[in-house]
Every structure is written in C-alpha cells, then in structure tokens.
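Below: one structure, written as structure tokens.
For clarity, every value in this text was computed on a predicted model and none was experimentally measured.
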Amino acid sequence: MVELNKMDNPLFSTKFKDDYNENLELLSSNLKKIKEVIDAANVRISNTVLAAGGDNITEVVDARASSLAPSQAFKTLHDRITYAEQALSGGVGQVSTQIADLNNRYLEMEDLINRIYGLNQGTIEYFVDSGKGDDVNGTGAIDSPFKTVTKAVSMLPRLLSTTVYIWLNPGKYDEDIVMTNINGAKINILSTNYATVDPSKGSTGIQVRSLYLEDIVGSVYISGLEETNTVGTTKNYFIRASRCGFVRVQKCRMAYSTKAMDPFTAVFIDACKADVNSCYFASQNVDIRGYNAADVIAQGTTHGANSAIGLYPQSSVIYNANNITWGADTPNRPSGGGEVRA
C-alpha cells in the first residue's frame, strides 16, 4: 500500500497542518483495514466450493466446514481435507477390523455347524494319551493326541453318517466320561492294544474311572478298558449305557474291588441291547445289571474272586451264554419280572 505524505510546508498554520496530518493517518489506518478485509475475502473465496445448482440459497458453501467436525472451523481447505482423510483412514481401519472379526466368527460358526451336523466327515479318528496329550494345543491326530477322552468326545458331531474311532493310549484316565445325544453311525472307543489284550491275564493298561453313554442312536463298541479306583467320582457304575441302539463291551477288565460298594455295578445296561463279551470280572458289587426292558447277552466272560451279585436283571433279560454258574455269592438276582436265560 502506498504511504501518504504528510504536510510540512511552513507557510501553513500549525493547526491546519496538524488537522491535515491526522486526517491522513486516519485515512491510512482505514486503508489498512480495507486491505485486511480484502485479503480475508480472498482467502474465503479461494476456499469455497459450489454445492448443487438451482435456486438453493446454500449453493455456495465454505469448504473449510466439515460434517465430520461440525463444531470445528478449519483455517484452510487443506486443513479440512487432511482432517477428513485421516478420519476416513481411521474409519476404514475400523471397518476392516470389524470385517475380519465377522469373517472369523463366520468361520467359527461354519466349523461348529459342521461339527454339529457332521457335514465335513470322512472317518473320524481321535487319539488320546493321558500322559503326553494336550487338550489345548492337541489336534487329536496320532502325533498330537488329546489328553482326555472327554475332549475327544466333545469334538464329535451330533449327527453322524460315518464311523468314529477314539483310540486310548496306555495310561490312567481319571475322568468320568459322558457321551450323549449322538445320532447315527458306529462309535468305537478302543484301547490301542485291544486286538491282542487279554483282560483275564492282567491289566489292559487303559484305566478309566467311568463311562456313561446316553441316547446314542447307532452302535457303540468299547474294548480294552479297565476299571480303576472310584476316588473322586460319585458314579455308581464303571460302564453305563442308557437308551442306546446297541452297545458291545468287549475285552474289558472289572477287578477293582467294589464288592462292598452297594449299589455299584460294573456294567449297567438301561433300556437298550448289549453284548458283554470276553470280559473279566472279580470282586464286584454287581457284575452286570439290566434295567428297563434291556436285552443283554453275556458270553465268553471269565471270573476271578466272587462278586456279591453276578447277573441282576430288573424288568429285563440277561442271557448267560457261558452256560455255567456265574462266579458270584448270588449268581442270579432277577427282579421286577426280569429273567436270566441260558
């Protein structure tokens, strides 16, 4: 801005010169203010954008305003755009995280559905090792076994269209195993040495506290297990099957003394068909109990020290296919219309 020259001519009076110079100073000050207004207007103009056309009175809007921060006034359009880009980047990051989380949940749900309905089945095979297994990091593979049978059972689908093998490596399984509400196919719970083990000659090497089967539509084959102590359990059985299609208990050893533990039963069959085959019994309170119209065949069994009760059919039928007197203080104890047949 051009500077105005003040009067210094000595021919004019002092008052005239002072008034004149004051007016120049006032004029100069106003010109500076006008320039500041013009500069501010130029900034405003350089930061405006056109909205939708037509007669809308808000057609021209300040580009420094943002709906992302309605209470914030940005100094320049660049500041506003930078803020918007940062906000957008953060939002995209959050959305990406949420999408990844949803995808993980979808995969988990898909896996759960497959497990429930058995949609991804071939033959299902799990290995269990009480000493070397791991329920957290194990996969159930032969070289990555689970630690407990309970973990293996929990991995089974509720609907099966294939055969299941749960292999138990030698060890002691201090657990009360429960398997319920599984439909279809054949389930095998086997010791890894079941093909060669002879329970009458000594320990099978696979000691289990208790096993409970309920509402299994299909068949269950159990072989090579051995009854262990009952410390820590409130169960009154070693193996119990209720409302299952068919159960075979084979080559199992029941020799831990429960003779004085009424009403403990080594093999309890409730409302289903069963075959107790090539097993060994000794010093049990009850060797085999049938209940609620159960149909049980006992064959190929051997006996050590007498049990209190041998065959106990309660409203059921137990077939003694051994054709010899059972090794018990009371060999047969039918009740409620139950029968022991040869």
Side-chain angles (χ1 to χ4, degrees), residues 105-128 133 135 138-142 145-168 173 175-192 194 206 208-225 235-252 265 267-277 279 288-297 314-318:
R105 292 186 182 185
Y106 167 78
L107 293 175
E108 290 173 359
M109 184 173 294
E110 182 181 43
D111 178 65
L112 179 61
I113 290 172
N114 287 338
R115 284 171 50 195
I116 291 174
Y117 293 101
L119 300 179
N120 56 355
Q121 299 171 23
T123 296
I124 297 175
E125 204 168 30
Y126 291 123
F127 288 83
V128 186
D135 282 353
T139 64
I142 189 170
F146 295 130
K147 185 175 183 64
T148 65
V149 184
T150 298
K151 174 63 176 181
V153 169
S154 73
M155 299 298 292
L156 297 180
R158 300 298 96 183
L159 296 177
L160 286 168
S161 59
T162 188
T163 300
V164 172
Y165 292 92
I166 298 178
W167 297 99
L168 278 65
Y173 297 86
E175 52 181 311
D176 296 312
I177 304 159
V178 177
M179 180 184 294
T180 64
N181 297 304
I182 296 178
N183 291 277
K186 180 179 180 181
I187 300 171
N188 300 276
I189 304 173
L190 309 173
S191 65
T192 52
Y194 86 100
I206 317 293
V208 177
R209 200 161 64 188
S210 72
L211 171 61
Y212 179 65
L213 310 170
E214 181 181 79
D215 294 330
I216 309 294
V217 179
S219 64
V220 182
Y221 177 31
I222 303 161
S223 185
L225 306 190
K235 310 304 179 185
N236 56 11
Y237 53 82
F238 171 48
I239 296 173
R240 176 167 180 165
S242 297
R243 300 187 301 276
C244 298
F246 178 76
V247 177
R248 171 166 288 158
V249 181
Q250 187 175 49
K251 293 186 175 181
C252 290
T265 299
V267 179
F268 193 146
I269 306 299
D270 175 13
C272 55
K273 294 182 179 294
D275 175 26
V276 182
N277 193 323
C279 292
I288 302 175
R289 186 191 302 256
Y291 191 67
N292 282 340
D295 194 358
V296 185
I297 297 176
Q314 296 176 278
S315 303
S316 62
V317 177
I318 299 177

In this structure, CZ of R289 is separated from CG of N236 (nearest 0.5 Å) by 7.5 Å
Applying side chain to side chain contact (heavy atoms under 4.5 Å, CB included) to A294 and not counting sequence neighbours gives I269, V296, S316
Would you mind telling me which of V208, I239, I187 makes a side chain to side chain contact (heavy atoms under 4.5 Å, CB included) with I222?
-> I239
For the pair Y194 and Y221, name the ring-plane relationship: parallel under 30°, tilted 30 to 60°, perpendicular over 60°.
-> perpendicular
Got a sec: does the OH of Y165 have more than 12 other heavy atoms crowding it under 6.0 Å?
-> no
Could you tell me which residues satisfy side chain to side chain contact (heavy atoms under 4.5 Å, CB included) with T150, sequence neighbours excluded, listed by chain and number?
-> T148, E175, I177
Can you tell me if R158 uses its side chain to pair, donor with acceptor, with the backbone of L156 under 3.5 Å?
-> yes
Here the pair of heavy atoms bringing I318 nearest to G290 is CD1-N, 3.8 Å
Does a sphere of radius 6.0 Å around OH in Y291 hold more than 12 heavy atoms from other residues, nucleotides or ligands, not counting ones at 6.0 Å or beyond?
-> no
Who passes side-chain hydrogen bond (donor to acceptor under 3.5 Å, both in side chains) against D270, sequence neighbours left out?
-> R240, S242, N292
Does the pair Y126 and V149 meet the rule for a side-chain contact (heavy atoms from CB on, under 4.5 Å), with working shown?
-> CA-CA 9 Å; Y126 291 123; V149 184; over 6 Å; no
Main-chain N/O of T180 paired to D215 side chain as donor or acceptor, under 3.5 Å = no
Could you pull out the closest heavy-atom pair between C272 and C244, with the gap in Å?
-> CB-O, 2.8 Å
Which atom names give the shortest non-hydrogen contact between C252 and G224, and what distance separates them?
-> SG-N, 4.0 Å
Drop me the distance from T192's OG1 to W167's CH2, to the nearest 0.5 angstrom.
-> 8.0 Å
Could you grab the distance from atom CG of N181 to atom CG of L159, nearest 0.5 Å is fine?
-> 10.5 Å
Please walk me through it: do L225 and F238 pass side-chain contact (heavy atoms from CB on, under 4.5 Å)?
-> CA-CA 10 Å; L225 306 190; F238 171 48; 4.2 Å; yes
Which distance, rounded to the nearest 0.5 Å, do you find between the CD of E125 and the CG of N188?
-> 10.0 Å
V153 vs V178, side-chain contact (heavy atoms from CB on, under 4.5 Å): CA-CA, chis, key distance, verdict = CA-CA 8 Å; V153 169; V178 177; over 6 Å; no
Look only at the side chain of S223 and the backbone of Q250, and say whether a donor-acceptor pair between them is shorter than 3.5 Å.
-> yes
Where is the tightest heavy-atom contact between F146 and D135, given as atom of each residue plus distance?
-> CB-OD1, 3.5 Å
Calculate, to the nearest 0.5 Å, the distance between atoms CD1 and CZ belonging to I216 and R243 respectively.
-> 10.5 Å
Test item: Y173 side-chain N/O and L168 main-chain N/O as donor-acceptor pair under 3.5 Å = no
